[in-house]
Amino acid sequence: MAQLIRIQEIADYEGAEVTIQGWLYHRTDKGKLQFLQVRDGTGFVQCVVFKQEVTPEVFAAAQSLTQESSLVISGTVRKDARAPGVPGGYEIGVTDLKVIQLAQDYPIQPKEHGVEFLMDHRHLWVRSQLQWAVLRVRATVVRAIRDWLDSHGFINMDTPILTPAACEGTTTLFATDYFGEPAYLTQSGQLYNEANIYAFGRVYCFGPTFRAEKSKTRRHLTEFWMVEPEAAFCDLDQLMEIEEQFVSYIVQTCLRERAKELELLGRDTSALEKVVPPFPRISYDEALEILRRIREQTTDEELKALLAITWGDDFGSPHETELTKQFDKPVFVYGYPARAKAFYMEPWPGRPEISKSVDLLAPEGYGEITGGSERISDPDLLLQRLDEWGLPREAFTWYIDLRKYGSVPHAGFGLGVERTVTWICGIDHLREAIPFPRMLKRVYP
RNA sequence: UCCUCGGUAGCUCAACAGGCAGAGCGGCCGGCUGUUAACCGGUUGGCUGUAGGUUCGAGUCCUACCCGAGGAGCCA
C-alpha cells in the first residue's frame with residue numbers, strides 16, 4: 001500500500017511506494033517514455049512513465065494530461081541526479097495514475113510573458129515556480145519577524161485599520177465612509193503603539209497598511225504589509241541595535257530554511273551571508289558628503305542631475321541607491337533634517353534642526369526597508385510641534401495624554417515586508433513579493 | 001501630475017523607404033526509452049488598442065483619445 005506523502009519530504013522515502021496529490025506542471029513526451037513534472041504545493045518532482053511498466057490505460061491517461069491537470073500519482077521513489085525539481089534529485093517511477101480533472105487551455109506557458117498578461121492572471125501565476133519560491137520566502141520572512149520579536153520581549157498588539165485622522169498628512173490616505181463620517185485606512189499603527197508601550201513595555205503591530213500615493217515604480221504598492229515595533233525606555237542607539245539584530249535574524253533564517261527557493265531564484269546568497277551585526281552607521285551629513293563625492297566622480301550627466309541635493313532635503317530613490325552601493329551590508333542613515341521628517345520625532349540634542357531619526361537602507365541598490373525614530377517625550381515640545389505643523393490639538397488629545405502620565409524616552413520603527421522580501425529574493429519588483437498586489441491602476445484579480 | 005518607451009494570432013515578437021500580415025511557442029494530428037521551456041514532420045490560428053484624417057493604397061504617416069511599462073516626485 002503506497003503511502004501518501006508531500007513532495008518536500010520525498011528524500012525520506014527512497015525506495016518506497018508513495019502516492020502524491022497534485023497538478024501537472026509540465027510534460028515531455030518521448031514516445032514510450034513520458035516525463036511528468038508534478039507539483040503539490042510543497043515542491044516539484046519528476047515522475048517517469050515507461051510504457052512497459054504501466055497498464056495501457058495508465059499510459060494513455062498520462063498522455064492525455066494537459067498543463068495544470070489535477071492528479072493522484074503513485075510509484076517508487078528513486079534517487080537520480082538528473083531529476084529536476086524542488087528539492088530535486090529524486091524521481092518517481094510511476095505505477096499508477098488517476099486524473100482528477102483535465103485542465104483546458106491553461107494560459108500561462110513555461111516561457112517569457114509580458115507583465116500585464118501575468119498580472120491579469122495573477123491567480124494562476126502564483127502557481128509558477130519562481131512566484132511560488134518568492135512567496136515561500138515571504139512566509140518565512142513573516143514567521144521570522146514574529147519569532148524574533150516574540151522572543152525578545154515584544155508583544156503583538158494590533159492597531160486599528162480604520163482611523164479617524166492622518167498621522168502624517170491626508171493626501172495619501174484612502175478615505176472611507178464611516179457611518180456618515182470620514183474614516184481612513186491606516187498608514188501606520190505607530191501612534192497607537194506609543195500608547196501600548198505604556199501598558200506592555202515593548203510591542204509591535206503587524207498588518208496591512210495603505211498609501212494612496214500615485215507612485216508608479218517598482219518600489220511601491222498601495223497596500224503593503226508593515227511590522228512596527230515600538231519600545232519604551234529606548235533611545236536611537238538602542239533602536240539601531242534592535243534593528244540590526246532583527247533584520248539579520250530575518251535574513252539568516254531565510255538563508256537557512258529557504259536555500260532551495262533562493263537557489264531557484266538565482267539569488268547570490270553570499271551577499272546575504274554578510275548581513276550580520278553590526279551594520280555601518282552614517283549620519284545624514286556624512287551621507288551628503290558621500291553623495292557629493294559620487295557626483296563629482298561620475299561622468300554620467302543624468303546621474304549627476306538625479307543626485308543633486310541640498311541640505312535639508314530628504315533622499316530620493318537615486319540617492320539611496322547610490323549610497324547603498326558603497327556598502328556590502330545594510331547601512332543606517334541617521335539624523336535627518338527635522339523638516340524632512342514627521343512632527344513626532346525627538347530633536348537632536350544641541351542641534352534642533354536635526355531629528356533623532358534613522359532609516360535602514362538595504363544593499364545592492366534595494367534602498368529603504370525600515371524607517372524609525374526616537375519620539376518626542378516632552379509634552380510641551382509635542383504641543384509646539386503640533387502647532388508648527390498646523391495639526392489640530394483636539395485630534396491628538398489622547399496622544400498628548402501619553403506625555404502627561406509617566407512619559408519616557410521611547411523609539412520605534414517600521415519594516416516593509418515586501419521590500420524586505422524583494423531584497424532577500426533578489427527580484428526587481430515589489431509586485432511579486434505579495435500574492436495579490438494592489439498598485440496604482442491594479443485592483444484585479 | 002510630469003518625462004520616456006510601448007500596444008500586430010491565446011502567448012512572445014517580426015514586417016525594409018507606405019505596396020499580398022509572418023515566425024516561434026501553445027493547441028490539434030503523427031514519430032521518438034532520459035527529457036530539463038526536448039526534438040522532428042504536419043496542421044490550426046488576425047476587427048494590427050479606439051476614433052478620425054492623408055493617400056491609388058496605411059500595421060507603417062498625421063491628430064485626438066484609451067490602455068500598459070519604466071522613471072521622477074512621495075514613501076516602507
Side-chain angles (χ1 to χ4, degrees), chain A residues 25-37 44-53 59 63-64 66-67 78 80-85 88 91 93 103-121 124 128-130 168-169 171-172 187-190 208-228 302-303 305-308 313-321 340-342 359-362 366-372 413-423 428-431 433-434 439-442:
Chain A
Y25 190 65
H26 188 60
R27 185 170 71 95
T28 302
D29 190 333
K30 286 278 298 168
K32 296 189 174 70
L33 175 61
Q34 296 179 65
F35 297 96
L36 315 180
Q37 311 301 331
F44 293 71
V45 70
Q46 172 162 281
C47 302
V48 185
V49 189
F50 275 103
K51 191 166 192 175
Q52 62 191 40
E53 292 177 356
F59 195 78
Q63 279 184 314
S64 76
T66 51
Q67 191 183 356
R78 60 185 176 232
D80 193 316
R82 294 170 297 184
E91 64 182 21
Q104 299 298 318
D105 301 322
Y106 185 71
I108 301 179
Q109 300 172 41
K111 59 171 262 189
E112 292 290 327
H113 290 285
V115 173
E116 187 181 10
F117 175 80
L118 289 170
M119 288 307 304
D120 283 342
H121 295 85
L124 306 177
S128 297
Q129 211 165 44
L130 296 186
E168 315 176 26
T171 54
T172 60
Q187 278 192 323
S188 165
Q190 179 207 317
T209 191
F210 307 87
R211 306 271 166 99
E213 294 163 358
K214 298 212 168 175
S215 299
K216 228 173 107 55
T217 82
R218 68 180 76 186
R219 294 177 311 281
H220 291 86
L221 299 170
T222 54
E223 175 182 314
F224 64 97
W225 281 63
M226 186 159 69
V227 58
E228 294 178 275
E302 196 178 341
L303 182 64
L306 280 172
L307 291 182
D313 293 342
D314 204 349
F315 297 133
S317 287
H319 306 105
E320 289 181 358
T321 301
K341 292 290 183 181
D359 286 354
L360 182 64
L361 310 182
Y366 279 94
E368 185 175 356
I369 53 171
T370 82
F413 67 96
L415 174 133
V417 171
E418 289 77 17
R419 287 191 179 177
T420 304
V421 172
T422 301
W423 163 49
D428 68 2
H429 205 300
L430 230 52
R431 65 182 161 228
I434 186 169
M439 295 175 291
L440 188 65
K441 299 189 175 184
R442 170 65 67 179

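Every chain is numbered from 1, with letters handed out A, B, ... down the list of sequences. Only heavy atoms go into these numbers, but all of them, side chains included; no hydrogens, no water, no symmetry mates.
- With hydrogens and angles ignored, no donor-acceptor pair under 3.5 angstrom links the side chain of K216(A) to the base of rA72(B).
- Side-chain proximity of R211(A) to the nucleotides rC75(B), rU35(B), rC74(B) is greatest for rC75(B).
- If you check rA72(B), rG34(B), rU33(B) against the side chain of T217(A), the one that comes closest is rA72(B).
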Please tabulate, one pair per line, all N/O donor-acceptor pairs under 3.5 Å involving side-chain atoms of residues 216-224 of chain A, not counting sequence neighbours.
residue, atom, partner, partner atom, Å
T217(A), OG1, R219(A), N, 3.0
T217(A), OG1, H220(A), ND1, 2.7
R219(A), NE, S317(A), OG, 3.0
R219(A), NH2, S317(A), OG, 2.6
T222(A), OG1, R438(A), O, 3.1

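- Across the interface with RNA chain B, nearest-nucleotide mapping of L33(A) and I369(A) shows L33(A) to be the residue nearer the 5′ end.
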Short N/O separations, protein against nucleotides 39-50 of chain B, under 3.5 angstrom:
none

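- At least one donor-acceptor pair closer than 3.5 Å links the side chain of T66(A) to the backbone N or O of A103(A).
- Using C1' as the reference atom, rU8(B) and rG70(B) are 22 Å apart when rounded to the nearest Å.
- Scanning for side chain to side chain donor-acceptor pair (under 3.5 Å) contacts around E418(A) gives R138(A), with sequence neighbours left out.
- Residues passing the side chain to side chain donor-acceptor pair (under 3.5 Å) test with Q37(A), sequence neighbours excluded: Q46(A).
- Remark: C1' of rG31(B) and CD of Q34(A) are 14 Å apart, rounded to the nearest angstrom.
- In this structure, K30(A) atom NZ and rG30(B) atom P are separated by 18 Å, rounded to whole Å.
- Distance CG (D359(A)) to C1' (rC74(B)): 13 Å, rounded to an integer number of Å.
- Listed candidates were rC75(B), rA72(B), rA76(B). Nearest to the side chain of P318(A) is rA72(B).
- Phosphate contact (OP1/OP2 of rG73(B), side-chain N/O of R219(A), threshold under 4.0 Å): absent.
- Residue contacts for L430(A): at a heavy-atom cut-off of 4.0 Å it reaches a base atom on one of the strands shown.
- Both key distances under 3.5 Å define a Watson-Crick or G-U pair, and stretches of 3 or more such consecutive pairs in RNA chain B run B:1-7 with B:66-72, B:10-13 with B:22-25, B:26-31 with B:39-44, B:49-53 with B:61-65.
- The aromatic ring of F224(A) stacks onto the base of rA76(B), its centre lying under 5.5 Å from the centre of the six-membered base ring with the two planes under 30° apart.
- When the P atom of rA69(B) is taken as reference, atom CZ of R442(A) falls 7 Å away, rounded to whole Å.
- For the pair R82(A) and D80(A), the salt-bridge criterion is met [side-chain N within less than 4.0 Å of a carboxylate O].
- Counting any heavy atom pair closer than 4.0 Å across all strands shown, R431(A) reaches sugar-phosphate atoms only and no base atom.
- If you check distances only, the side chain of T172(A) never reaches the base of rC75(B) with a donor-acceptor pair under 3.5 Å.
- The side-chain heavy atoms of Q63(A) and D29(A), taken from C-beta on, include a pair separated by under 4.5 Å.
- Residue-level contact check: T370(A) touches the backbone only, with heavy atoms under 4.0 Å from sugar-phosphate atoms and none from bases.
- Candidate nucleotides rA76(B), rG71(B), rA69(B) were compared by shortest atom distance to the side chain of R218(A), and rG71(B) ranks first.
- Within the model, atoms CZ of F413(A) and OG1 of T370(A) stand 6.0 Å from one another, a figure rounded to the nearest 0.5 Å.
- A donor and an acceptor atom sit less than 3.5 Å apart, one in the side chain of Q46(A) and one in the base of rU35(B).
- Minimum atom distance to the side chain of T28(A) is reached by rU35(B), of the listed rG34(B), rU35(B), rA76(B).
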N/O-N/O pairs, protein side and nucleotides 6-11 of chain B side, under 3.5 Å:
residue, atom, partner, partner atom, Å
rG10(B), N2, Q109(A), NE2, 2.4
rC11(B), O2', H113(A), ND1, 2.6
rC11(B), O2, K111(A), NZ, 2.6

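- The ring-ring contact (aromatic ring centres under 6.0 Å, His included) check on F44(A) picks up Y25(A), W132(A), with sequence neighbours excluded.
- Dashed line: the shortest gap from a side-chain N or O of K214(A) to OP1 or OP2 of rC74(B) is not under 4.0 Å.
- As a whole-Å value, the separation of L36(A) CG from rG34(B) P is 16 Å.
- Residue L221(A) is in base contact, counting any heavy-atom pair closer than 4.0 Å across all strands shown.
- Contact annotation for E228(A): no contact, since no heavy-atom pair falls under 4.0 Å across all strands.
- Side chain of E91(A) to backbone of C47(A): no donor-acceptor contact under 3.5 angstrom is found.
- Going from the P atom of rC47(B) to that of rA69(B) covers 24 Å, rounded to whole Å.
- Residue Q52(A) is classed as a base contact, given a heavy-atom separation below 4.0 Å to a base.
- Annotation: salt bridge (Lys or Arg N to Asp or Glu O under 4.0 Å) contacts of D313(A) (sequence neighbours excluded): none.
- Not counting sequence neighbours, the partners of L130(A) by the side chain to side chain contact (heavy atoms under 4.5 Å, CB included) test are L264(A), L265(A).
- Distance noted for atom C1' between rG30(B) and rU50(B): 43 Å (whole Å).
- Atom NZ in K441(A) sits about 11 Å away from atom C1' in rU1(B), given to the nearest Å.
- Remark: the separation of the C1' atoms in rG59(B) and rG7(B) is 11 Å, to the nearest Å.
- Take D314(A) and apply the salt bridge (Lys or Arg N to Asp or Glu O under 4.0 Å) test, not counting sequence neighbours, and it matches K341(A).
- Partners of F117(A) according to the ring-ring contact (aromatic ring centres under 6.0 Å, His included) rule, which considers only residues two or more places apart in sequence or in another chain, are H113(A), H121(A).
- Distance NE2 (H429(A)) to P (rA69(B)): 8 Å, rounded to an integer number of Å.
- F59(A) has its CZ atom 9 Å from the P atom of rU33(B), to the nearest Å.
- Residues that satisfy the salt bridge (Lys or Arg N to Asp or Glu O under 4.0 Å) test with E228(A), not counting sequence neighbours, are absent from this structure.
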